[in-house]
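One structure is given below, encoded as structure tokens.
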Amino acid sequence: MRQKFNKHSVWLLVALMGFSAFATAGSRNKEGNAHNIVRGITSTVEKSSLGASKLVKNVTSTLALNNEVILQGPAIDILKKAVDSVGGVVTHELPLVEGIGVRVSDAQLLILKKLPLLIKVSKNEVVYTSGSLNNCLVYGSHVAELSGNSIRWNLYNARDIQANMQSMSFTWPEELGHAYSVKVNGATVYWRLYSRESGELSFDVKRLKRYARLDAFEGVTVEVSFAQRGVENYQQRDFSMDVRFKENCDRSLVKGYDTQANTGDSNTYYVDNIGADELHNQGITGKDVTVAVIDSGLWAAHGALSQDTKSQSRIKAAYNAIEDTEISVDSLTDENSHGTHITGIIANSSPAVVDGQLQNHYQGVAPDANLVVIKAFYEDGHSTYLDALRALQYVADNHKALNIRVVNLSFGAPPRSNYWDDPINQAVMALWEQDVIVVTSAGNTGPSAMTVGVPANVPYVISVGAISDNYTQDNANDDTLLSFSSQGPTHEAFIKPDMVAPGGHMFSLASPNMYVPSKFPQYMVGQDRFIMSGTSQSSGVVSGVVALMLQNDPSLTANDVKCRLMSSTTMAQANGKLAYSPFQQGSGSVNAIKAVESNELGCANNGMDITADISGDQHYMGAARQDDDGNYYIKGFEFEVWDEAFMWDEAFMWDEAFMWDEAFMWDEAFMWDEAFMWDEAFMWDEAFMWDEAFMWDEAFMWDEAHTNQENFMLQE
């Protein structure tokens, strides 16, 4: 980043280090003087009030280089010389954020932190695929077994701590009579020979007794038997099996499609849901648009990923950001499956199959998009700031040569600073400034407020939340926002996510030998399809839509794309009021046809100067405000956002006629007065703190009647 470096910084160095030799720090040649300062560290350190000379001389032999940090400052060569002077090791060069990654000892780090010419020292934090941040890792199987007079359903605790059941509830067709028994792993926890009640049953932990606990990585089978036979004559959707856990974790039986058992069906409902199938029939398939995916790699041996719809190779480059090496397409791997799954949603080139019949459209949103694959995540779904930054640096260095127009970021980390202060956010902003369109997942840590993470909290980029079709592809009237989808506002009062897209029970590609499918084989369908849910998948959908837009009009800028996407969405409403607040659904559900056909311009990121933001000359806040009761509202938006009537009900529709009032657009930002400085003490109405304790009022939590049906996020 273009950090400021001035005389004051150098004089501060003199005060901190006590080096009389630095008295010339006010020289007009600031960079040259900084070089002199670095050269003087070793020769003059014996005079330092720190008494650090012996540490500098002996650190490499007596102390481990156990600190990985990011240094940002006036110039990379100056930073490198400073690190070399104290005996540290440079691991990453990151011009995109004017920084380097280094490995240093405790003593070396202490010295470096005293140098004000190093504008910023940041810890190399962990970054995750967003699903890894979910606090509820108890999964329910996507298919229940129906036979005779019983239905069986599997649960699995994927956490390393115990999960404690609180209650169970079941519903079924009344024609099957009363529930005869309920068993957990074969042990009877409920039995009733005769009963007049049928169709519904609930009981709490007292009846579950010792079977109410799932140990770490333990699976259980729940079986419900009914008085009458004929269960196999019904569909899975006719039943519900819900379990509530003490750890604020609810799991419901996933209903499933009637065609889900058809081995050859693709079930990529999201392509139809957003209208991409119609665009495919018009020849709009993302051709000649390159999408970069920063993730866990790619199963490049699969032809639907490595080749387009004409069987032409379309992977333009591959890079391992962990090892800092270029990769041949033949050597591309994905040990986790997350990157393969997301890339399949974006660009799977196989024709769609419905009821065994080939369709004229494809399984990926942009099946002819070119790909740049950047591997930055390990087998277990984690990465680090430095490796993620190196991946973003690769995009910056190669986006012109490879024609990278879109970069998909289906990962996140908790916000630890203001948006402009985070190194990943700084890199993302720099890419946006270069007209690379950044699409990022909002995160899976909802439904609490202020759960949108890094880099989705960057106001400029496109941040995406998740919705589900509720397993009724042909009925838009029961679509739901997924409860785990992260919600805004951001800590700087911006309305996020920007929009929502399909993210529930997403069929895409994966190999059964990959880490996640091997842990959860019940989500494999056939030999190459796997089901996941999350905002990562939603981000992939929108990245595909952007590729369609750019094929149709390659001249679009990043701000143009965001403007057209958001102005063509549809907000969910019930009885003329919002079914969800803008802090939950953003501007609404993405529509590929409207986005491609849109002519809107100038309605995104207005009032903000990204160049000034990057340089540190100006930062911004959004339009979200908090009233005296702790509820959020939007400045300039007149209706009461948090009315209970805005919750989903059975009558809601994604009404195409419902649009934002023209007087209110997502284009107004508020500049901080120069006299106002952001710091860690900043609070919302002097009541907000940077911690996890700030929650939505309980009145605005999910209604129990609309509990999330997506129970298998699996690395998002």
Is [X] salt-bridged to [Y], going by a charged N under 4.0 Å from an acidic O?
X: Arg152; Y: Glu223; answer: yes
X: Asp498; Y: Lys562; answer: yes
X: Glu323; Y: Arg390; answer: no

Return yes if a side-chain donor-acceptor contact under 3.5 Å exists between [X] and [Y], otherwise no.
X: Gln162; Y: Asp215; result: yes
X: Thr309; Y: Asp368; result: yes
X: Asp387; Y: His92; result: yes
X: Lys496; Y: Ser463; result: yes
X: Ser485; Y: Gln487; result: no
X: Thr333; Y: Lys375; result: yes
X: Asp308; Y: Ser349; result: no
X: Ser448; Y: Thr451; result: no
X: Ser410; Y: Asn408; result: yes
X: Asp288; Y: Asn370; result: no
X: His338; Y: Asn336; result: no

Taking C-beta and beyond as the side chain, do [X] and [Y] meet within less than 4.5 Å on heavy atoms?
X: Asn154; Y: Val220; result: no
X: Val395; Y: Leu402; result: no
X: Arg416; Y: Pro414; result: yes
X: Ile315; Y: Leu298; result: yes
X: Val271; Y: His361; result: yes
X: Val545; Y: Leu565; result: yes
X: Glu278; Y: Ile593; result: yes
X: Val231; Y: Phe239; result: yes

Pair Asp334-Ser296, side chain to side chain donor-acceptor pair (under 3.5 Å): steps then yes or no: CA-CA 6 Å; Asp334 179 6; Ser296 59; 2.8 Å; yes

Stepwise side chain to side chain contact (heavy atoms under 4.5 Å, CB included) test for Ile462 and Ile437: CA-CA 8 Å; Ile462 300 166; Ile437 300 155; 3.9 Å; yes

Steps toward side chain to side chain contact (heavy atoms under 4.5 Å, CB included) verdict (Asp324, Tyr319): CA-CA 7 Å; Asp324 191 21; Tyr319 173 68; 2.6 Å; yes

Polar side-chain atom of [X] near backbone of [Y] as donor-acceptor pair, under 3.5 Å:
X: His280; Y: Tyr362; answer: yes
X: Gln363; Y: Asn348; answer: no
X: Arg529; Y: Leu509; answer: no
X: Thr343; Y: Gly339; answer: yes
X: Gln307; Y: Ser313; answer: no
X: Thr535; Y: Gly443; answer: yes
X: Ser337; Y: Met514; answer: no
X: Asn457; Y: Val452; answer: no
X: Ser468; Y: Leu482; answer: no
X: Glu335; Y: Glu379; answer: no

Do you know the tightest heavy-atom contact between [X] and [Y]?
X: Gly465; Y: Pro497; result: N-CB, 3.6 Å
X: Ser486; Y: Ala442; result: CB-O, 3.4 Å
X: Met165; Y: Leu155; result: CE-CD1, 4.3 Å
X: Thr129; Y: Phe377; result: N-CE2, 3.8 Å
X: Val454; Y: Pro415; result: CG2-CA, 3.9 Å
X: Gly412; Y: Pro455; result: CA-CD, 4.4 Å

Using 0.5 Å steps for rounding, measure from the [atom1] atom of [X] to the [atom2] atom of [Y].
X: Asp528; Y: Thr340; atom1: CG; atom2: OG1; answer: 11.0 Å
X: Asp435; Y: Arg405; atom1: CG; atom2: CZ; answer: 6.5 Å
X: Leu96; Y: Gln393; atom1: CG; atom2: CD; answer: 5.0 Å
X: Ile294; Y: Ile374; atom1: CD1; atom2: CD1; answer: 4.5 Å
X: Thr384; Y: Glu68; atom1: OG1; atom2: CD; answer: 6.5 Å
X: Lys519; Y: Asp380; atom1: NZ; atom2: CG; answer: 10.5 Å

side-chain contact (heavy atoms from CB on, under 4.5 Å) partner of Val464, the single match among Ser441, Ser543, Ser538: Ser538

Criterion side chain to side chain contact (heavy atoms under 4.5 Å, CB included) on Leu409 and Leu392, from CA distance to verdict: CA-CA 10 Å; Leu409 308 179; Leu392 293 164; 4.1 Å; yes

Parallel, tilted or perpendicular: ring planes of His302 versus Trp299, cut at 30 and 60 degrees: perpendicular

Mutual orientation of the aromatic rings belonging to Phe530 and His341 [parallel < 30°, tilted 30-60°, perpendicular > 60°]: perpendicular

Candidate pair Tyr270 and Asp469, rule side chain to side chain donor-acceptor pair (under 3.5 Å), full reasoning: CA-CA 9 Å; Tyr270 44 88; Asp469 73 340; over 6 Å; no

Stepwise side chain to side chain donor-acceptor pair (under 3.5 Å) check, Asp422 with Tyr385: CA-CA 10 Å; Asp422 184 276; Tyr385 260 61; 2.5 Å; yes

Within the 6.0 Å centroid threshold, strictly below: His505 and Tyr269: yes

Worked verdict on Val428 versus Leu431 for side chain to side chain contact (heavy atoms under 4.5 Å, CB included): CA-CA 5 Å; Val428 164; Leu431 287 176; 5.5 Å; no

